[in-house]
Amino acid sequence: MARVFSGVKPTADVPHLGNYIGAFRQWVALQDLHECIFCVVDLHSLTVPWDPELLRKRSRSAAASLIASGIDPERSVLFLQSEVMEHTELTWILTCVSRMGELSRMTQFKDKSRNTENESIGTGLYMYPVLMAADVLVYRGELVPVGEDQKQHLELMRDIAERFNRTFGDTFPVPDPYIPVEGARIMGLDDPAYKMAKTTERPNNLIWMNDPPEVVRKKILRAVTDSGREVVASPDKPAITNLLSIYSAVTARPVSEIEQEYEGKGYGDFKKGLAQAVIDFLDPFRARYLEILEDPGRLDKILDTGAAQAREMAQETMQVVRDRIGLRRS
Ligand code: TYM
């Protein structure tokens, strides 16, 4: 049994289908085999400008989305990052073990700060991966299920853990990324060259997990396709390959079986089938999500219990860390 940690940023009302396929789907399955800790990383949301009321609302709705996706608070620890102070304490310590060079090489940082003058790039954005490392290491996490876009952050996390261990003695397990073979990078429906992303301003880029059926249908029927008319996954058909990944994930059927089903049929039939499959998948999610939000008392209790459990584990680690680095008087 490994200790699993992962997190989601509450930067939208609900996650999109890419978040589910690339991450939550694995989180749900890992609960059966491992000790799991899942976190709504509200502190990470502060790395770009934010609205306090909206953040408050979105932190709750992110937690509700995780439960509606199948995270079981009876088996997994579910909590808000800012409610366990040890994350920020370890962040500072790891900041002092990390290097400007390695942080400057992070592609997410480079992408997000591309059009900003050096003078005004947020320091929080720069430190983002150190906070991520602290999230996992404060629980001595061993396995981190994420989508492909987080791979580089995971490599940095491993470097920081190794450097700390070399300097102060073996303290942290070096965490392994857990990235799915299929669906680790779901691309935008309107442009398969870019990933599906919460920060997009193009409504047809993504499917929100609470999109009503008619919206899902419209977005899928409008999705860009490739030349030709055969429904097959191949490198020269990035759009159809992406749609097949989505189809496969929401139906839990292998891509080859779906290709067979649409042999000799065109893109139109395929999109209709995909739209229905996504709608059937999202229907129960939406019902559960609304039910959870209707009972704020229950959600508060889940998050209180989760934070208490997480705090206990984090405090245990921090006692060892403080001792190792010389922050205890005797
Ligand atoms: P966030 O909220 O941006 O994304 C949550 C998860 O969804 C995955 N994901 C995708 N997977 C496939 N296709 C996509 N288009 C797609 N878009 C997003 C992400 O890889 C992620 O797994 N930095 C993290 C949050 C975090 C974290 C951590 C994760 C903070 N601390 C510690 C692991 C461990 C993030 O990107 O969240």
Side-chain angles (χ1 to χ4, degrees), residues 3-28 30 36-48 55 58-59 61-63 65-66 69 71 79-82 84 87-88 90-91 94 106-109 111-112 124-125 127-158 160-161 175-200 205-209 241-242 245-246 249 310 314:
R3 188 173 274 185
V4 172
F5 181 97
S6 201
V8 58
K9 276 194 304 280
T11 37
D13 286 342
V14 285
H16 56 68
L17 211 47
N19 296 131
Y20 176 82
I21 297 173
F24 307 166
R25 189 167 54 126
Q26 283 64 247
W27 302 6
V28 171
L30 287 165
C36 292
I37 307 168
F38 297 121
C39 183
V40 175
V41 291
D42 48 1
L43 296 171
H44 276 98
S45 299
L46 312 185
T47 55
V48 289
L55 174 59
R58 287 176 166 175
S59 295
S61 66
S65 302
L66 290 181
S69 300
I71 298 303
F79 69 106
L80 305 192
Q81 184 188 33
S82 62
V84 179
H87 288 247
T88 41
L90 186 58
T91 298
L94 297 182
M106 294 293 109
T107 50
Q108 184 174 301
F109 171 70
D111 286 349
K112 291 202 172 173
L125 207 53
M127 300 311 301
Y128 182 112
V130 183
L131 178 56
M132 240 182 105
D135 291 341
V136 176
L137 300 181
V138 84
Y139 301 102
R140 292 173 149 149
E142 298 168 284
L143 203 59
V144 187
V146 285
E148 160 83 31
D149 61 339
Q150 295 303 308
K151 199 171 164 199
Q152 198 188 26
H153 288 161
L154 262 293
E155 279 157 16
L156 176 62
M157 183 185 300
R158 289 170 60 85
I160 292 177
D176 285 315
Y178 184 90
I179 298 174
V181 180
E182 186 74 52
R185 191 174 183 82
I186 296 297
M187 310 310 276
L189 298 182
D190 59 345
D191 185 350
Y194 296 93
K195 69 169 183 176
M196 189 177 275
K198 273 182 278 193
T199 44
T200 180
N205 169 271
L206 46 65
I207 293 176
W208 297 111
M209 288 190 72
T241 305
N242 187 46
S245 291
I246 297 176

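Keep in mind that the numbers below use all heavy atoms, side chains included, and drop hydrogens, waters and symmetry copies. Whatever order the structure lists ligands and atoms in, that order sets their numbers, starting from 1.
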Member of Ile71, Leu30, Leu143 meeting the side chain to side chain contact (heavy atoms under 4.5 Å, CB included) criterion with Cys36: Leu30
Side chain to side chain contact (heavy atoms under 4.5 Å, CB included) partner of Thr91, the single match among Leu43, Asp135, Leu131, Leu137: Leu131
Sequence neighbours excluded - salt bridge (charged side-chain N to carboxylate O under 4.0 Å, His left out) pairs with any residue from residues 188-198: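 Matches after skipping sequence neighbours: Asp149-Lys195, Asp190-Arg202.
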Expected output: side-chain Gln26 to main-chain Tyr20 donor-acceptor under 3.5 Å: no
Shortest non-hydrogen separation from Ala62 to Pro10 and the atoms involved: CB-CB, 4.2 Å
Residues Asp13 and Ser61: side-chain donor-acceptor under 3.5 angstrom: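 No pair is found: no donor N or O on one side chain lies under 3.5 Å from an acceptor on the other.
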Residue shell around ligand 1, heavy atom under 4.0 angstrom: Phe5, Ser6, Gly7, Val8, Lys9, His16, Gly18, Asn19, Gly22, Ala23, Val41, His44, Tyr128, Met132, Asp135, Val136, Val144, Val146, Gly147, Asp149, Gln150, Gly183, Ala184, Arg185, Ile186, Lys195, Met196, Lys198
